[in-house]
2 protein chains.
Amino acid sequence: MAPSRKPLPTKPRAAGITDVARLAGVSTATVSRALMTPDRVKPATRDAVMAAVAAIGYTPNQAARSLRARRTAMVITPTISNVVFGEIVRGIDDALSDAGYGLIIGNLDNKRERESYFVDLAFAGQVDGILLMNGWMPKKDDRSLRDTGLPLVALNSAVDGPDIPKVVVQDREAGTEAAAHLVALGHRSLGYISGPLGSWVQNERWQGFCDGVTAAGLDLATVVHWRGDYSFAAGTAVAEEFLRQADPPTGIFAASDEMAIGFIKRIRQAGVAVPEHVSVVGFDGIKFARFCEPTLTTIHQPLQEMGRIGASILLEMINAPGAPQPEWTRMPVPLIPRDSTGPAPKRSRARRPVTVASS
Amino acid sequence: MAPSRKPLPTKPRAAGITDVARLAGVSTATVSRALMTPDRVKPATRDAVMAAVAAIGYTPNQAARSLRARRTAMVITPTISNVVFGEIVRGIDDALSDAGYGLIIGNLDNKRERESYFVDLAFAGQVDGILLMNGWMPKKDDRSLRDTGLPLVALNSAVDGPDIPKVVVQDREAGTEAAAHLVALGHRSLGYISGPLGSWVQNERWQGFCDGVTAAGLDLATVVHWRGDYSFAAGTAVAEEFLRQADPPTGIFAASDEMAIGFIKRIRQAGVAVPEHVSVVGFDGIKFARFCEPTLTTIHQPLQEMGRIGASILLEMINAPGAPQPEWTRMPVPLIPRDSTGPAPKRSRARRPVTVASS
DNA sequence: GTGAAAGCGCTAACAA
DNA sequence: TTGTTAGCGCTTTCAC
C-alpha cells in the first residue's frame, strides 16, 4: 500500500521546549538539563522549570529527542505472538525507559529472512546496543551483527562469543529437575517433547533431562523424544503419535506449557488419565497453567526479571565500554508441582481404552 | 532512576540518505521521493536510487523521519496484559505502518491517573490522530482530548460524540445470542458474569443478554448478575459465590473467556459438572478456549480486523478532514458452540455434592 | 521530474 | 551553573 499523504503541514502548534524556557525565564538548554540531569542545575532553577513544565503540560518530543541524543537499543525476538517473549520484552522496556533509552523491537515473526532488515538497521547506526533473544547471530549476506562492534547481550538463549554476556535461566538444571521429579514419582519410562531442534535452550533442556535420566540409573535409549515447536498444536500432534505408540512412556516433560496443555488435552480425550496414567511437566509458568485440567506442574521462568537484567547489562556495556561483564547470568527456575504429575501407575504401560478393553 | 549518560557521542557513522544520494547521483530530495512516493519519480531514477539503497544497505532513520514528517497515531488502551487488547493493537499497527505512520501505545495499565500523560502528549501536538480503546474521553484537569481537535476513533468500546466513529463488535446481539443459545438448550435460570461495571461494552453485553432473556419469556428478575473484571481471578471469585448460592442458575454467560474458564475450573473442583449441571458461554475466542476442560463455547471477536478497520478510518479522517465517516461500524461476532454448553439438567437446580447427598 | 534550502524539537559541546 | 550554537537525518516547500 502506498503511503497516504498528509495534505497540510499546518499543525495546532504545541508547547515545545522553547515555550517552557520562555515561561521559566531560562534557556532551552537549561530546560533540557533540568529534565535529563536534574542534579546539574540549581534547585531553584530546576523548580522554576518544573513549574513551567507542569503549567503548560509540556511533554518532550520523543522523535526529536532520540534523533538528537541517539539513545536506542534493539531487541531481536523470534516472535511476539508468544507470551514468553512478550514478557521478557516488557522487562527490557522497563529497564531501558528508566534509563532514557528507546527500544526498537525487531520481530522476526519466525521468518529468518527478516533478520537482514535489522542487520541493516544496526549498520545504519540507529541503535546503541542489541539484545538477542533468537539464539543466533543475525546476518545479512556476509555481514554479521557482530561486525557492527555494538554491545550485544544474549537473552533467554545463548549466543557464542566471550564478549557476549548471556542471561538465561538454568534450563539444564530445570531439565534435570523435571526428570528427577518424574523419577521420584516412580516413573521409569520417560518422554520429552522438544522445542524447535537446534536451538540452544532446546538443547539445554534436553541435555539436562538426559542428565537426570542417567543420574537415576535409567537407560537413555528408552527415552522417547518427540519433536515440537512450543505451540498448542505441536502438543496435540505429539499426542497423536503418543496414542499410536504400543508402549508409551508414563512420565513426560514438555519444553513449553502450551505443548504440555495441548498434549494433555488430546490424550485425555482419548481416555488416558492425567496424572493417573501419565504425568506431564511443562515449562514456562504461563498463567493459564493454573486453569487447565489438571493444573499443570511446570517450571516457572522469571521472564520480566530476565528482561530487566539483560537490559541493565547492555546499558552498562554502552556506558562503560570495555568494563568486564559477567559472561553468564543463570537464573534459577523453580519447579512448581501441581496436579498434572503423580505417582507412576503400577503397570509401566499407559492404559488406553483399547488396552483396557483387550486385557 | 537517573538516566545514564553516554560518555562519547562518537558513532561509527553510518549510511545516510546523503550517501545514497551521492551513490545514485541524485539529490537527497529525490532519494526521499523515490522512497516515499515512487510514482512521482522517473522509473530510471527510481531504479538507480533503489540500487544504491540496496548496495549500501540504507535504512531510513525513523526518528528523523517522524520528527520531520510527523506521521504518528496514538492508541489509548486500558491494559496491555490482556490478549484482547494486544490483538487489536496488532491490527492497528499493521494498518498504520502500511501507511507510513508510527504508533504510540498509550497504556493506562488500568490506572486512570495515567491518562493525563497522554492528554499532554496530544496537546503537545505529537500525534495526528487517536484511537480510544478505553471507552471514555481522557481528560487532564479541565482539558479533554476532544479539545485537541484531533481525529478520534473509538475502538472496541463506544465513546459519545457524533464526530467520533465507533468500531465495535455487535456486543448486544452477541449477548442476545448467548442467552438464546442457553435457552434453546433448555436453561431457564440464567446468570451473567460482568466486566467492570459502567463500561460501554459491558452494558451492551448485559443489555443484549437481557433482551434475549425477555425474548424467551423468562423473568429478568431471576437472572443472577455477578460482578467481574474479565480476569481468571474474577471467574474463580464468582464461582465461590455461585457455590454458596442455594439455587444457582444452570446457564451462565461470562463477559470474557478468562472469567468463564476460571469459573468453570473452580466449580468443577467443587463437583459441579460442566455442561451436565451447568452450561457456560464465554466471550472473546482466545486460543486457550480450545484447550481448557471442557472446551469453551464462546463468542469469537475479530480483534485484529477491528484494529485494522479502526486505523483505516482514522487515516481517512487525518487525510481528508471533514469527509464524512460512518459513525458506527458494528462487526458480527459468531457464537462458537463447544463442550461447555449442553442441555439443561432435569432439575433446574445445579446439583452440587451436598445437594446430591441430601436428596 | 528534480534540486536547493529550510527547518522539525531537541541535546551537547563549548564558552562564559 | 547557565547560555550560545550547531546540528541529529530526514521531508517538503519552492523554484527551476
Side-chain angles (χ1 to χ4, degrees), chain A residues 3-11 13-22 24-49 53 56 58-72 100-102 121 124-128, chain B residues 3 5-11 13-22 24-49 53 58-72 100-102 121 124-128:
Chain A
S4 318
R5 324 265 62 256
K6 198 180 328 165
L8 300 169
T10 29
K11 274 266 170 169
R13 273 288 286 102
I17 199 172
T18 7
D19 305 280
V20 179
R22 197 177 320 117
V26 298
S27 74
T28 61
T30 302
V31 175
S32 176
R33 270 190 295 259
L35 261 30
M36 297 293 296
T37 50
D39 31 287
R40 289 194 200 169
V41 300
K42 197 163 55 178
T45 321
R46 190 174 61 223
D47 293 346
V49 170
V53 165
I56 62 181
Y58 166 71
T59 315
N61 182 316
Q62 272 309 325
R65 196 172 249 198
S66 92
L67 173 58
R68 182 62 237 229
R70 324 182 103 219
R71 249 185 264 113
T72 313
Y101 271 69
L121 217 56
Q126 297 190 28
V127 299
D128 306 295
Chain B
R5 324 264 62 253
K6 197 180 328 162
L8 300 169
T10 30
K11 275 266 171 170
R13 274 288 286 102
I17 199 171
T18 9
D19 305 281
V20 178
R22 195 176 321 117
V26 297
S27 74
T28 60
T30 302
V31 175
S32 177
R33 270 190 295 259
L35 261 29
M36 296 294 295
T37 51
D39 32 287
R40 289 193 201 169
V41 182
K42 196 164 57 179
T45 320
R46 190 174 61 223
D47 294 345
V49 171
V53 165
Y58 165 71
T59 315
N61 181 317
Q62 273 310 322
R65 193 172 251 196
S66 92
L67 173 59
R68 185 63 239 234
R70 325 187 97 216
R71 247 181 266 115
T72 312
Y101 271 70
L121 216 55
Q126 298 191 25
V127 299
D128 306 294

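Throughout, a chain's letter reflects where its sequence line sits, starting with A, and its residues are numbered from 1. The basis for the numbers below is simple: all heavy atoms, side chains too, and nothing from hydrogens, waters or symmetry mates.
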Point-to-point distance, once rounded to the nearest 0.5 Å, from [atom1] of [X] to [atom2] of [Y]:
| X | Y | atom1 | atom2 | answer |
| --- | --- | --- | --- | --- |
| Arg40(A) | Thr37(A) | CZ | OG1 | 5.0 Å |
| Thr28(B) | Arg33(B) | OG1 | CZ | 9.0 Å |
| Ser66(A) | Asn61(B) | OG | CG | 7.0 Å |

message: Closest-nucleotide mapping onto DNA chain C: is Thr59(A) or Thr30(B) further toward the 5' terminus? I mean the 5' end.
response: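 Looking at DNA chain C, the more 5' nearest nucleotide goes with Thr30(B).
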- request: Using the closest heavy atom to pick a nucleotide of DNA chain C for each, name whichever of Gly25(B) or Leu67(B) lands nearer the 5' end.
  value: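 The residue mapped nearer the 5' terminus is Gly25(B).
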Using side-chain heavy atoms (C-beta onward) and a distance below 4.5 Å, is [X] in contact with [Y]?
| X | Y | value |
| --- | --- | --- |
| Arg65(B) | Arg70(B) | no |
| Thr59(A) | Gln126(B) | yes |
| Ile17(A) | Ser32(A) | yes |
| Tyr58(A) | Leu35(A) | yes |
| Val26(B) | Thr45(B) | yes |

Which whole-number value in Å describes the distance from [X] [atom1] to [N] [atom2]?
| X | N | atom1 | atom2 | value |
| --- | --- | --- | --- | --- |
| Asn61(A) | dC10(D) | CG | P | 17 Å |
| Gln62(B) | dC8(D) | CD | C1' | 15 Å |
| Arg71(B) | dC8(C) | CZ | P | 17 Å |
| Leu121(A) | dG9(D) | CG | C1' | 14 Å |
| Met36(B) | dG1(C) | CE | C1' | 18 Å |
| Asp19(B) | dC8(D) | CG | P | 12 Å |
| Ile17(B) | dA4(C) | CD1 | P | 14 Å |
| Arg40(B) | dT13(D) | CZ | P | 9 Å |

task: Just jot down the side-chain hydrogen bond (donor to acceptor under 3.5 Å, both in side chains) partners of Thr30(A), sequence neighbours excluded, or say none.
output: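 Thr30(A): side-chain hydrogen bond (donor to acceptor under 3.5 Å, both in side chains) contacts with Ser27(A).
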- line: Testing dG3(D), dG9(C), dG1(C) for proximity to the side chain of Ser27(A), the answer is dG3(D)
- request: Tell me which nucleotide among dC10(C), dT12(D), dT11(C) gets nearest to the side chain of Tyr58(A).
  value: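 Selected nucleotide (nearest to the side chain): dC10(C).
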task: Hey, which sits more toward the 5' end of DNA chain D by its nearest nucleotide, Thr28(A) or Val41(A)?
output: Val41(A)
message: Can you give me the dot-bracket string for DNA chain D, 5' to 3', counting Watson-Crick and G-U wobble pairs with both distances under 3.5 Å, using [ ] for crossing pairs and | for partners on another strand?
response: ||||||||||||||||
query: So does Arg65(A) get a side-chain nitrogen or oxygen closer than 4.0 Å to the phosphate oxygens (OP1/OP2) of dT11(C)?
result: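 For Arg65(A), the contact criterion (side-chain N or O under 4.0 Å from OP1 or OP2 of dT11(C)) is met.
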Under 3.5 Å, which N/O atoms of the protein pair with N/O atoms of nucleotides 14-16 of chain D?
none

query: Checking only heavy atoms, does the side chain of Arg68(B) share a donor-acceptor pair with the base of dG7(C) at less than 3.5 Å?
result: yes
- prompt: So what does Thr45(A) touch, heavy atoms closer than 4.0 Å: a base, only the sugar-phosphate, or nothing?
  reply: sugar-phosphate
query: Val26(B) near the nucleic acid: base, sugar-phosphate alone, or nothing, with a heavy-atom cut-off under 4.0 Å?
result: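 Sugar-phosphate contact only - Val26(B) comes under 4.0 Å of backbone atoms but never of a base.
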- prompt: Does any N or O in the side chain of Arg46(B) come within less than 3.5 Å of the main-chain N or O of Ala34(B), such that one atom is a donor and the other an acceptor?
  reply: no
